[in-house]
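Some notes on the structure that comes next.
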Amino acid sequence: MSIQVSFGGDKRPEKKVVAVGIDLGTTNSLVAYVAADGQPHVIAGDEGPMVPSVIAFDANGQLESVGHPANRALLTHPERTIYSVKRMMGRSALEVVDELGILPFQVHTAKGSAAVRIEVAGQKLSPPELSAHVLRELKRRAEAHLGQPVEKAVVTVPAYFNDAQRQATKDAGRIAGLEVLRIVNEPTAAALAYGLDKKPEGKIVVYDLGGGTFDVSILAMHEGLTEVLATNGDTHLGGDDFDRLLVETVAAQLAQAGVPVAGDAALLQRLRKACIDLKIALSDAHQATVQLELSAGQRVELAFTRADLEALILPLVEKTLGPCRQALRDSGVKLAELDEVLLVGGSTRIPLVRRKVQELFGKVPRGDIDPDQVVALGAAVQADIMTTGRRDMLLLDVTPLSLGMETVGDVVVKIINRNSSIPASATEEFTTSVDNQTGVVVHILQGDRELVKDCRSLAKFVIPIEPMPAGLARVAVTFLIDANGILHVTAKDVRTGLEKTIEVKPTYGLTDDEVVRMLEDAFDHAEEDLNYRMFLDAKNEADQILEATRRALAGAAGGRLDADEREEIDGAIAGLIAAVRTEQSDPVRKAQRRLNDATWRLAELSFAAALNDAVHDPLLPDVLAQAPDPAAIKPDHHGNRLK
Ligand code: ADP
Ligand code: MG
């Protein structure tokens, strides 16, 4: 039962709750707050603490119900009832293709617009608008319980949510009349709920398998400081997928028995509900049966054993282990160093999941705080910290992909490495590649591959510089990622002090699949990339040497070479050009050396000619006597050059 207290309850002995914590889940949402006793509590409604993230509309398109009643509406009018909205938050049509097969409602994308719209009862609604109904329900529940208006909240999202998805979540809050103080990663919130600030030291894994998403995080804590060392996961893996497999299996069996399910939306929903009940029952029992009503008066009994279910979902459960291993590798934490493994999300009640997690980490995982509630409780703790100034905990997040800049030769120079704690800042100096450049291009890229074409372009701008010979200009580029994950880039002409700053959202529009793919690619191609990068470096150098040689040959010094020397140089030039075509660094380096050897006298002559010009001295032999270093006309290959 919720407690009703009138507004303006200034006689309440409890302190005023300024902000609540909200777990806005794919399947279930919850709201929690920190009470006067300093402990976080989930606020329950008449049907328990969970608000199913389901929204039902009436035939006129008016909101009918949210939560449990809406969950029941899935059985009576599924065509007007929406669930799994979180899977569509901040996503485009292309990104939700996988969902369309299983979600019975109509998903639209206006041409040219990235965000999806869901058609329900004659209107097209955006995912944030729909999520706002769930948030409003939670807000109302909290206000009724606390007896005061609730206008601020900390809302959690999966660690892998990109900027667009986080932004959409914030939008949903705004639509619901809630100021979202902070978006917190769900695993981080779970760690807070376990009160890690009270532990002096430790390394923990948070394994979160919910309805729609899977997250794994490796956290380190020391003296009240909680740091996310690494995160990984899959926003397309969870209990919904187990349900889908069960539905498909049973639907196939029914079809064989002459009962087609496809095309009958109401039956499909009843089947889905039956399969979820079956799955949940099998977490406790070794076998279970549920009734499914096919049509009025016609029922079938579905019987499954735990072994059947485990055989079915084993590949999906094992799919969570790869990200776990990767996160562990990224964190640099060894298995033996792990102090705790925390279980989060309803699907971690499945015995097979617990077994696999235990096998992998070599530790009995902890689930003593209700895995359904732990995230909301942690969000409440964070909300309390932020509004009461309790500063005994500091949350640090990490940036999921490296950030860098393009340099000449389409190569990326990393400035902030992936999994760096944020806020983070780093500066790198660059120079120019061509004489008298009046500006340099600052091209910001995200990704872990070596080449520009394999990374994601975030922003590109030009910073004006004072013209000067190639290699002499100095441009200092600073990357700063602030606490909200927003990247600020400043480029400064060190000599003139001219400066330009832009704000970049580092993960904007990047899908989680892209993030995962880019990371996998980086590992798969590490060696290949390195080789190619070495080649590109050699090629850039070769281009500059060829250019310098051609210039020297065309000048006065060129005319002073004898035929043999000229022939040798032409041969070496042809050799270098041919070597570049092999796309291998070794032959290029070898051909460079040959050209260097062939041009030493040309270099001498050129240098002499240049000196000669400078001093207007017609006595070339005298100048030649002061034998110059042939390297004097070689370009300086040190420093990163910008176009
Ligand atoms: P989310 O964070 O995605 O909203 P939850 O953490 O609430 O998800 O987990 C919901 C998922 O957990 C659903 O797929 C639900 O069917 C599943 N679930 C809940 N309880 C159990 C259980 N006892 N056994 C197996 N799965 C469960
Ligand atoms: Mg969850």
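Counting starts at 1 for both ligands and their atoms, following the listed order.
- Annotation: Phe361 is not in aromatic contact with Tyr207 [ring centroid separation under 6.0 Å not met].
- Contacts classified as side-chain hydrogen bond (donor to acceptor under 3.5 Å, both in side chains) and involving residues 278-292 (residues at least two apart or in different chains) are given here: Asp243-Lys279, Gln291-Glu301.
- Both tests hold for Arg272 against Tyr83: distance to the six-membered ring centre under 6.0 Å, angle to the ring axis within 45°.
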Between the protein and ligand 1, are there any N or O atom pairs that come within less than 3.5 Å of each other, and if so, what are their names and distances?
from, atom 1, to, atom 2, distance (Å)
ligand 1, 3 (O), Gly211, N, 2.7
ligand 1, 3 (O), Gly212, N, 3.4
ligand 1, 4 (O), Thr26, N, 3.1
ligand 1, 4 (O), Thr27, N, 2.8
ligand 1, 4 (O), Asn28, N, 3.1
ligand 1, 4 (O), Asn28, O, 3.4
ligand 1, 6 (O), Gly346, N, 2.9
ligand 1, 7 (O), Asn28, ND2, 3.1
ligand 1, 8 (O), Gly211, N, 3.0
ligand 1, 9 (O), Gly346, N, 3.2
ligand 1, 12 (O), Ser347, N, 3.3
ligand 1, 14 (O), Lys279, NZ, 3.2
ligand 1, 16 (O), Lys279, NZ, 2.8
ligand 1, 20 (N), Arg349, NH1, 3.4
ligand 1, 24 (N), Ser283, OG, 2.6

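- Note: His145 and Tyr33 meet the aromatic proximity criterion, with ring centroids under 6.0 Å apart.
- The two residues Leu192 and Gly378 come nearest to each other via the heavy atoms CD1-O, 3.9 Å.
- Around NZ of Lys363, the count of heavy atoms belonging to other residues, nucleotides or ligands within 6.0 Å exceeds 12.
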